[in-house]
Amino acid sequence: MKVYSRFMESLRSSRFTVSGEIDPPKDANPAEVVEQVEALREHVVAANVTDNPIGDVIMCTLATCVIMQQHGLEPIYQATCRDRNRIALQSDVIGAAALGIRNVLALTGDHPRMGKSRDAKPVFDLDSVLLTRTLSTLRSGRNLSGEELAHAPEFHIGVGLSPGVEPIEAEIIKLEKKIEAGAEFVQTQCIYDEKVLERLREETSHLDVPILPGIAPLRSLGMAKFMLANVPGISIPDEVMRRLESSRDLKETAIDIAAELVSAAKDYGFPGVHIMPVGMHMHVGEIIERSGVR
Amino acid sequence: MIHTRHKPLEEILQMLSGATKVAVLGCGGCVAFYRTGGAAQVRELAEKLGEHLQVVSLGVSNRQCYLCREEELSGLRDAERIRKIARELEGFDRLEEVEAVLSLACGVGVQNLAGLLELPVYPAQNTLFMGRRRVEGDFDIELCVGCGDCVLGYTGGICPVTRCSKSLMNGPCGGVFNGLCEVSRATGEEIPCAWVEIYRRLKKLGRLEELRRIREPRSHAASGIPRRVKVQEGAG
Ligand code: SF4
Ligand code: SF4
């Protein structure tokens, strides 16, 4: 199997791989992307670019990825099924590949009812399994209409996983289908509980694909409570809540907690982590350093 | 069954503006069954409209979607047409006098009637969905959107096209929350996740292998254009 990206090269090596995440701005200011790129560049191999989470309009994934490349950070292009049918999705990722984007993450996407564009038409022509297979088909040199592509797009295909959802069996069956459809790496939703890491390890031990647990620093007790109420399947141990509650320096506590999870992920044998900095881009280096994984 | 909901009176009056004599017509089908467009609702609406215009005739047809076909009327002059239609509309005798008809049927009934009459026919209701299956709290739920490519055979008899908010084909998305669909958090309603229901049902039936199979993308060629079917001779 060919390696097209630094990210995949790192996953195939014995190095502990850390991916990050860029939050595109809602306006047309490239400097906001550049600032995040500069904060992450030395610390992560590649970083995801979100596709209008919960349907709130932000700078498009493709433009953000290109800005990242211009500033030396490898992008992982997140494609969701929410706004684009199979025509637009194929067209977009072919364009992305032509611009040198070498990692694509296939996601279902949130329902538009979840955000500020609640009246928008939900598309979902494909789902994450079918988008994954579509990416594989394109890479093998055909499009969904069966036409041959003389120059097939070259990228690695990733998928998401929500480790805490019930029933977990249904989630794992879906992951198995994504792998059958061609998924080469997995990044998960945020995990705050080592027990969830442990369970994830057990549930996926039969799968031969690198899984990067998602880790996002908890900036405040308010954020922790918000996540508990809004992120499906999330669990935050009481002890973590207590540490946030009694913290004298929230930033330090957030970095500590995230660093401990990164090192736990390594201890459980995961090949890396996916850090979603949620505004703490400046501190990602610190999180990795304190975790001692390098 | 078809579910409907009354339009606001202001909107109905707006549609009827210009007409002084109107007929109000209920339907004996789904809307009578659900008491949104049967005899009592016709009387109620006629009473309210009576304060603003003259309601000359009111009644409940058998089912507005059953009404006679265009070909049975062809060659008939308008007055005869109206009489023939009126005969099918039980208790609906003075159709010849009115300037407009207000129908409490679903969108199918309204369009069927409108296609048969020269008079303007207006909808008194918004047509919501096809559904049944009473669940807790006396809710009937939407069950089918008529997608033209039925997958119920692979999903334990639970329709993901209709009952998964994203019409997904290959299992639950990451948004499922305590067995509820993610949109429940936005709407405040408890909408079950169709894929959790499908998973549980298939597991119970010992047919989880259906869930393990990658299902093809649905063909929208079966539903994206105005559809028609050839009706068998002697039927319908
Ligand atoms: S799959 Fe669903 S929407 Fe399509 S025909 Fe069957 S029940 Fe109706
Ligand atoms: S939560 Fe369940 S019903 Fe809702 S969109 Fe996801 S899979 Fe569909």
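A quick note: this is a predicted structure, and the numbers were derived from the prediction, not measured. The chains referred to below are lettered A, B, ... by the order of the sequence lines, with proteins before strands, and numbering in each begins at 1. These values consider heavy atoms only, across backbone and side chains, with no hydrogens, waters or symmetry-generated copies.
The choice from A/G233, A/P122, A/P167 that makes the most heavy-atom pairs within less than 4.5 Å of chain B is A/P167. Between chain B and the residues A/R113, A/H111, A/R86, the largest count of heavy-atom pairs under 4.5 Å involves A/H111. The choice from A/V123, A/L107, A/D125, A/L144 that makes the most heavy-atom pairs within less than 4.5 Å of chain B is A/D125.
Around the CD atom of B/E190, the shell of radius 6.0 Å holds no more than 12 heavy atoms that belong to other residues, nucleotides or ligands. The local environment of CZ in B/R5 is sparse, with at most 12 non-hydrogen atoms from other residues, nucleotides or ligands closer than 6.0 Å. Few gaps surround CZ on B/R132; more than 12 heavy atoms of other groups in view lie less than 6.0 Å from it. Enclosure of atom CZ in A/F226 is not indicated, since only 12 or fewer non-hydrogen atoms of other residues, nucleotides or ligands lie within 6.0 angstrom. For OH of B/Y66, the number of neighbouring non-hydrogen atoms (other residues, nucleotides, ligands) closer than 6.0 Å is 12 at most. Surrounding CZ of B/R35 are at most 12 heavy atoms belonging to other residues, nucleotides or ligands under 6.0 Å away.
Contacts of A/A181 with chain B are made by both backbone and side-chain atoms, with heavy-atom separations under 4.5 Å. Heavy atoms of A/R133 lying under 4.5 Å from chain B belong exclusively to its side chain. For a residue to count as touching a neighbouring chain, one of its non-hydrogen atoms must lie under 4.5 Å from one of that chain's; by this rule A/T108 touches chain B with the side chain only. If you measure heavy-atom distances from A/N85 to chain B, you find no contacts under 4.5 Å at all. In this structure, chain B has a heavy atom under 4.5 Å from the backbone of A/V231, while its side chain stays farther away. Residue A/Q189: no heavy atom, backbone or side chain, is found under 4.5 Å from chain B.
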So A/D127 and B/K166, side chain to side chain contact (heavy atoms under 4.5 Å, CB included) or not? Walk me through it.
CA-CA 8 Å; A/D127 57 35; B/K166 302 173 186 170; over 6 Å; no

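Residues of residues 40-47 of chain B lying under 4.5 angstrom from chain A, judged on non-hydrogen atoms, do not exist here. Residues of residues 200-218 of chain B lying within less than 4.5 angstrom of chain A, judged on heavy atoms, are B/K203, B/L208, B/L211, B/R212, B/R213, B/I214, B/R215, B/E216, B/P217, B/R218 in numerical order. Residues of residues 140-161 of chain B having a heavy atom under 4.5 Å from any heavy atom of chain A: none. Among the residues in residues 177-185 of chain B, those with a non-hydrogen atom closer than 4.5 angstrom to a non-hydrogen atom of chain A are B/F177, B/E182, B/V183, B/R185.
Contact between B/P172 and A/A170 at its shortest, heavy atoms only, is CG-CB, 3.8 Å. Shortest non-hydrogen contact noted between B/G175 and A/P232 is O-CG, 3.4 Å. When all heavy atoms of A/M114 and B/A186 are compared, the closest pair comes out as SD-CB, 4.1 Å.
Interatomic distance, OH of B/Y199 versus CD of A/E166, reported as 9.0 Å (0.5 Å rounding). In this structure, the separation between CZ on A/R82 and SG on B/C173 is 12.0 Å, given to the nearest 0.5 Å.
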